[in-house]
Student: 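Take this structure, written in structure tokens, and hold onto it; I'll ask about it next.
Here the structure is a predicted model, which is why all the values come from computation and not from measurement.
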Amino acid sequence: MMESGVPVCHTCGEHVGLNVNGEPFVACHECNFPICKSCFEYDLKEGRKACLRCGSPYDENLLDDVEKATGDQSTMAAHLNKSQDVGIHARHISSVSTLDSEMAEDNGNSIWKNRVESWKEKKNKKKKPATTKVEREAEIPPEQQMEDKPAPDASQPLSTIIPIPKSRLAPYRTVIIMRLIILGLFFHYRVTNPVDSAFGLWLTSVICEIWFAFSWVLDQFPKWYPVNRETYIDRLSARYEREGEPDELAAVDFFVSTVDPLKEPPLITANTVLSILALDYPVDKVSCYISDDGAAMLTFESLVETADFARKWVPFCKKFSIEPRAPEFYFSQKIDYLKDKVQPSFVKERRAMKRDYEEYKIRINALVAKAQKTPDEGWTMQDGTSWPGNNPRDHPGMIQVFLGYSGARDIEGNELPRLVYVSREKRPGYQHHKKAGAENALVRVSAVLTNAPFILNLDCDHYVNNSKAVREAMCFLMDPQVGRDVCYVQFPQRFDGIDRSDRYANRNTVFFDVNMKGLDGIQGPVYVGTGCVFNRQALYGYGPPSMPSFPKSSSSSCSCCCPGKKEPKDPSELYRDAKREELDAAIFNLREIDNYDEYERSMLISQTSFEKTFGLSSVFIESTLMENGGVAESANPSTLIKEAIHVISCGYEEKTAWGKEIGWIYGSVTEDILTGFKVHCRGWRSIYCMPLRPAFKGSAPINLSDRLHQVLRWALGSVEIFLSRHCPLWYGFGGGRLKWLQRLAYINTIVYPFTSLPLIAYCSLPAICLLTGKFIIPTLSNLASVLFLGLFLSIIVTAVLELRWSGVSIEDLWRNEQFWVIGGVSAHLFAVFQGFLKMLAGIDTNFTVTAKAADDADFGELYIVKWTTLLIPPTTLLIVNMVGVVAGFSDALNKGYEAWGPLFGKVFFSFWVILHLYPFLKGLMGRQNRTPTIVVLWSVLLASVFSLVWVRINPFVSTADSTTVSQSCISIDC
């Protein structure tokens with residue numbers, strides 16, 4: 001099967017295999033469309049009996065041959081085919097015991113005994129010929145087969161890639177190559193033409209420019225293959241929501257995390273929860289888990305009110321198909337809410353619903369007002385007992401199911417999605433790993449209670465803006481041709497409440513509309529922490545189904561450079577390889593037991609090896625082996641709740657792989673980048689989904705100080721990854737599963753904070769040149785002028801062509817460029833020093849929760865200036881450059897006409913810095929032009945000292961002139 005002459009399957013990328021005659025397998029003799037046996041059998045199971053390319057029906061004789069070949073397989077191969085899967089070539093794991101046995105036996109060893117017995121039974125039953133779907137369909141009358149056939153659209157792909165037109169992409173790539181050539185010539189000129197009179201300044205500038213060029217390469221080349229994608233929700237419904245048949249859409253568990261309800265207002269979190277509960281998705285397939293990592297009674301009580309209001313809000317949303325389904329943002333829209341509404345009762349019901357929501361807001365506001373002052377004895381619940389979370393750092397685990405159980409229905413009697421409150425146990429002396437630890441606790445709780453195959457995590461301030469967002473993601477994850485290797489589907493972040501000019505580049509438009517599209521054409525976008533739908537199996541550390549297994553340990557030392565020739569294997573070896581392919585992904589080390597049979601192999605995969613990975617919970621371990629998710633209907637809810645409490649205990653993760661190889665990865669405050677990097681290193685790919693209506697919307701800190709602190713946290717996380725074992729510079733090379741352009745992108749995400757060092761030096765050079773009268777560039781020749789002109793033109797043309805294919809506006813590009821400088825000389829600089837202090841001295845930095853609410857006035861918080869040390873470096877740069885401009889003009893006036901020529905180059909350089917820092921200057925002034933006194937004092941002091949030192953070292957008046965002036969002054973008789 002590994003022969004070079006065998007074609008490769010167009011669907012899964014594997015060899016198509018051989019038929020019974022030893023010839024390459026061909027499914028369609030009309031167009032010879034390459035498709036392997038496994039994909040062909042899957043098409044038959046899905047009811048597709050026609051070629052995907054030409055539409056010709058498959059040959060009946062071929063169906064008989066496939067059926068015959070299936071019947072002749074060995075015991076383990078038959079077991080492999082009978083295993084249930086999610087997608088094509090999905091990971092096959094032996095059948096596990098049901099949750100009934102888990103509930104009946106507290107001893108975990110019974111689970112593995114049941115598993116072994118089930119394998120024995122399967123071996124005995126194998127002797128009986130398996131009845132394939134083709135045989136069953138042959139027994140059905142043709143009339144009934146016609147009725148059961150799916151709609152024509154159901155057999156079509158659920159999504160498609162829309163490549164960027166070559167007319168836009170080819171010039172873009174050409175200019176990038178030309179820019180590289182010009183950069184090479186430019187650096188050759190800079191290095192071979194030093195400035196002897198200002199050698200230190202010249203050397204500093206060259207080093208800075210080389211680093212900037214390196215940073216540009218890291219940022220530019222991952223955008224080499226940008227793509228767009230289009231989804232077909234109607235085809236998804238036609239395939240998985242057939243009329244008269246059970247719904248086959250996959251279940252989704254939603255994770256919403258919150259910490260401090262006084263910084264993350266409960267009303268904002270409640271709107272996120274309500275938008276999830278009102279999704280356009282089957283209610284029995286939606287479960288919403290709220291992680292309260294602060295164990296606040298305010299969050300719990302607000303959820304009680306939210307669950308009660310949801311009984312009215314959810315049916316109203318679904319009845320009138322309103323968007324968005326977060327009430328605060330729906331009622332605040334300044335649009336014609338009657339557009340496209342035809343029901344006569346809509347106006348009356350909307351007014352009633354708005355009144356109900358306002359009353360609900362009053363109740364939430366009353367809870368917030370009450371929570372401002374904590375009683376000395378702590379909070380007390382309605383039944384008189386003390387609130388278990390009075391000490392947020394020392395409390396037991398808490399779980400409360402509000403909706404989704406018998407009797408919890410809306411006002412129209414319909415079932416509601418499940419809503420679960422979770423607060424994990426916290427005790428002194430345990431490391432809780434902040435948000436990443438909370439997310440991992442939700443992974444385990446949801447696996448025990450609902451175990452949906454997909455997970456969607458949201459920040460508490462990101463509500464669902466598009467009720468069909470989950471369907472958009474399912475068009476990728478449930479597509480057999482696309483979803484088998486997809487670890488997650490990432491949506492772009494969109495924001496409300498940002499000022500029109502987006503002064504501090506809060507929208508991050510360039511990143512989400514340019515960089516992420518480029519990554520989607522390689523191995524997929526990076527994980528950004530929210531608005532992401534995960535494949536649960538990817539979080540458990542498994543590799544993608546179609547990825548070949550890692551080489552054996554005996555040849556691992558040379559596997560990267562000298563792969564050995566593989567010999568054909570019998571079916572039992574193929575089965576062992578297929579199983580090892582998944583279990584070997586950084587979790588189960590089964591390489592040393594290749595020669596054991598299935599029974600011995602099952603005994604060697606002991607419960608202990610699973611417990612070392614997933615923890616001491618037999619119920620959770622069983623859930624990790626259920627690819628389709630779900631729990632047994634006969635499972636006892638109270639027993640499941642007890643097990644869920646167990647898996648969120650503070651010591652559960654000790655001596656396990658949680659945070660190291662599975663779940664959200666620990667070691668950085670930006671756990672999102674680290675987690676996405678780990679799954680990409682295993683060979684998974686991700687998808688970037690950009691529906692016309694934004695899927696999710698959130699709030700961003702529009703205040704300057706809060707924005708800088710947010711950027712500081714992101715940059716600090718990147719520095720932590722750079723200093724960890726997971727650094728993309730050296731991690732993940734062994735398997736060769738991370739594409740090199742994808743690695744460049746990850747390297748860029750962890751080295752960009754270090755650009756602050758050359759950037760702050762480069763922004764200081766204009767002022768130094770103006771104060772000293774020196775310059776970093778010698779007198780330009782004609783060739784040098786052409787090089788400088790060509791470099792500037794290539795930069796401009798690259799930006800224009802990038803705007804052309806991405807659709808980003810020039811204003812967004814300029815704001816991004818400005819804040820790159822502002823953040824680089826402030827937050828990024830502090831992040832570098834804090835990261836090294838943490839590594840060398842063990843000084844940890846506290847995670848500051850960004851405020852999620854603004855003032856009542858429009859953009860009122862935009863003009864508030866809060867004291868922070870991050871404001872000092874950019875303020876100093878501004879003042880120094882302004883002083884330098886004044887000093888430069890004064891010097892030119894003293895020296896005469898010949899000094900004005902060199903002055904323009906220096907002033908242009910200085911104005912480049914001032915223009916980039918202009919939004920910072922506006923934010924510093926505020927609405928009333930008020931600035932914290934300490935900022936002004938420190939900045940003026942540093943700028944004055946800096947200027948006076950340079951004046952003292954190299955005054956504008958020469959020594960000879962100074963002596964002449966002194967003698968003339970003495971001779972004057974005053």
Side-chain angles (χ1 to χ4, degrees), residues 83-87 90-103 108-112 114-116 118-119 250-253 255 287 289 439-455 457 477 484 487-488 534-545 578-590 601-602 604-632 635 640 643-644 646-649 652-653 655-665 675 678-679 682 684:
S83 298
Q84 294 183 349
D85 53 17
V86 176
R91 182 174 53 86
H92 300 285
I93 294 182
S94 302
S95 301
V96 297
S97 59
T98 63
L99 286 179
D100 295 336
S101 64
E102 297 174 17
M103 299 300 107
N109 293 328
S110 63
I111 301 171
W112 310 102
N114 292 337
R115 188 192 319 276
V116 174
S118 67
W119 286 335
V252 181
D253 288 337
F255 294 173
S287 301
Y289 292 84
E439 296 287 350
N440 284 337
L442 290 183
V443 171
R444 298 191 294 271
V445 169
S446 62
V448 171
L449 297 181
T450 53
N451 196 29
F454 301 110
I455 294 171
N457 82 294
L477 294 169
R484 71 191 189 285
C487 54
Y488 60 81
F534 268 99
N535 182 339
R536 188 183 285 268
Q537 295 296 315
L539 289 175
Y540 290 157
Y542 298 114
K579 193 166 185 178
R580 189 198 317 114
E581 180 175 331
E582 302 304 331
L583 300 182
D584 196 35
I587 295 183
F588 310 113
N589 186 13
L590 304 178
R601 192 177 170 83
S602 65
L604 289 173
I605 307 175
S606 63
Q607 184 180 6
T608 304
S609 64
F610 278 82
E611 289 176 346
K612 288 181 179 178
T613 302
F614 295 112
L616 299 173
S617 171
S618 58
V619 178
F620 176 73
I621 292 173
E622 286 290 317
S623 71
T624 64
L625 302 178
M626 299 178 182
E627 294 186 39
N628 292 325
V631 296
L640 292 181
E643 189 69 19
H646 168 59
V647 298
I648 60 172
S649 58
Y652 182 85
E653 294 183 356
K655 298 181 181 180
T656 67
W658 285 102
K660 304 180 184 70
E661 299 295 339
I662 62 176
W664 270 257
I665 306 301
T675 303
K678 288 282 286 188
V679 294
R682 296 189 186 108
W684 293 92

Student: Does any N or O in the side chain of Ser623 come within less than 3.5 Å of the main-chain N or O of Val448, such that one atom is a donor and the other an acceptor?
Tutor: no
Student: Do the side chains of Phe614 and Tyr540 get nearer than 4.5 Å, heavy atoms only?
Tutor: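 Yes, at least one pair of side-chain atoms sits under 4.5 Å.
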Student: Quick check: does any side chain N or O of Arg536 sit under 3.5 Å from a backbone N or O of Val443, one acting as donor and the other as acceptor?
Tutor: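 Pair found, side chain donor or acceptor close to backbone of Val443.
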Student: Does any part of the side chain of Val252, heavy atoms only, come nearer than 4.5 Å to the side chain of Ile455, both counted from C-beta?
Tutor: no
Student: Considering non-hydrogen atoms only, spot the tightest contact between Gly663 and Trp658 and give its length.
Tutor: CA-CZ3, 4.0 Å
Student: A side-chain contact here means heavy atoms from C-beta on lying under 4.5 Å apart; do Phe620 and Ser618 qualify?
Tutor: no
Student: Rounded at 0.5 Å granularity, tell me how far CG in Leu477 sits from CZ in Arg484.
Tutor: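 With rounding to 0.5 Å, CG (Leu477) is 13.5 Å from CZ (Arg484).
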Student: Would you say that Asn535 contacts Tyr488 through its side chain, given a criterion of any heavy-atom pair below 4.5 Å between the two side chains?
Tutor: no
Student: Could you pull out all residues at least two apart from Glu653 that satisfy salt bridge (charged side-chain N to carboxylate O under 4.0 Å, His left out)?
Tutor: Arg444
Student: Output, in order, the C-alpha distance, side-chain angles, deciding distance and verdict of side chain to side chain contact (heavy atoms under 4.5 Å, CB included) for Trp664 and Asn457.
Tutor: CA-CA 12 Å; Trp664 270 257; Asn457 82 294; 4.1 Å; yes
Student: Taking atom NZ of Lys678 and atom SG of Cys487, what is their separation to the nearest 0.5 Å?
Tutor: 13.5 Å
Student: How are the rings of His646 and Tyr652 set relative to one another: parallel (under 30°), tilted (30 to 60°) or perpendicular (over 60°)?
Tutor: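 Aromatic pair His646/Tyr652 classed perpendicular.
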Student: Just verifying a value: how many Å separate Asn451 CG and Ser287 OG, rounded to the nearest 0.5 Å?
Tutor: 10.5 Å
Student: Evaluate the side chain to side chain contact (heavy atoms under 4.5 Å, CB included) criterion for residues Leu539 and Ile662: first the C-alpha distance (whole Å), next the side-chain angles of each, then the deciding distance (0.1 Å), finally the verdict.
Tutor: CA-CA 6 Å; Leu539 289 175; Ile662 62 176; over 6 Å; no
Student: Indicate yes or no: at least one non-hydrogen side-chain atom of Thr450 is less than 4.5 angstrom from one of Tyr289.
Tutor: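 The answer is yes; the side chains approach within 4.5 Å.
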Student: Please lay out, stage by stage, how Thr624 and Tyr542 fare under the test side chain to side chain contact (heavy atoms under 4.5 Å, CB included).
Tutor: CA-CA 10 Å; Thr624 64; Tyr542 298 114; 4.3 Å; yes
Student: Side-chain contact, heavy-atom cut-off 4.5 Å: Asp253 with Phe454?
Tutor: no
Student: Taking the side chain as every heavy atom from C-beta outward, state whether Glu661 and Arg682 have any pair of such atoms under 4.5 Å apart.
Tutor: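 Glu661 reaches Arg682 side chain to side chain.
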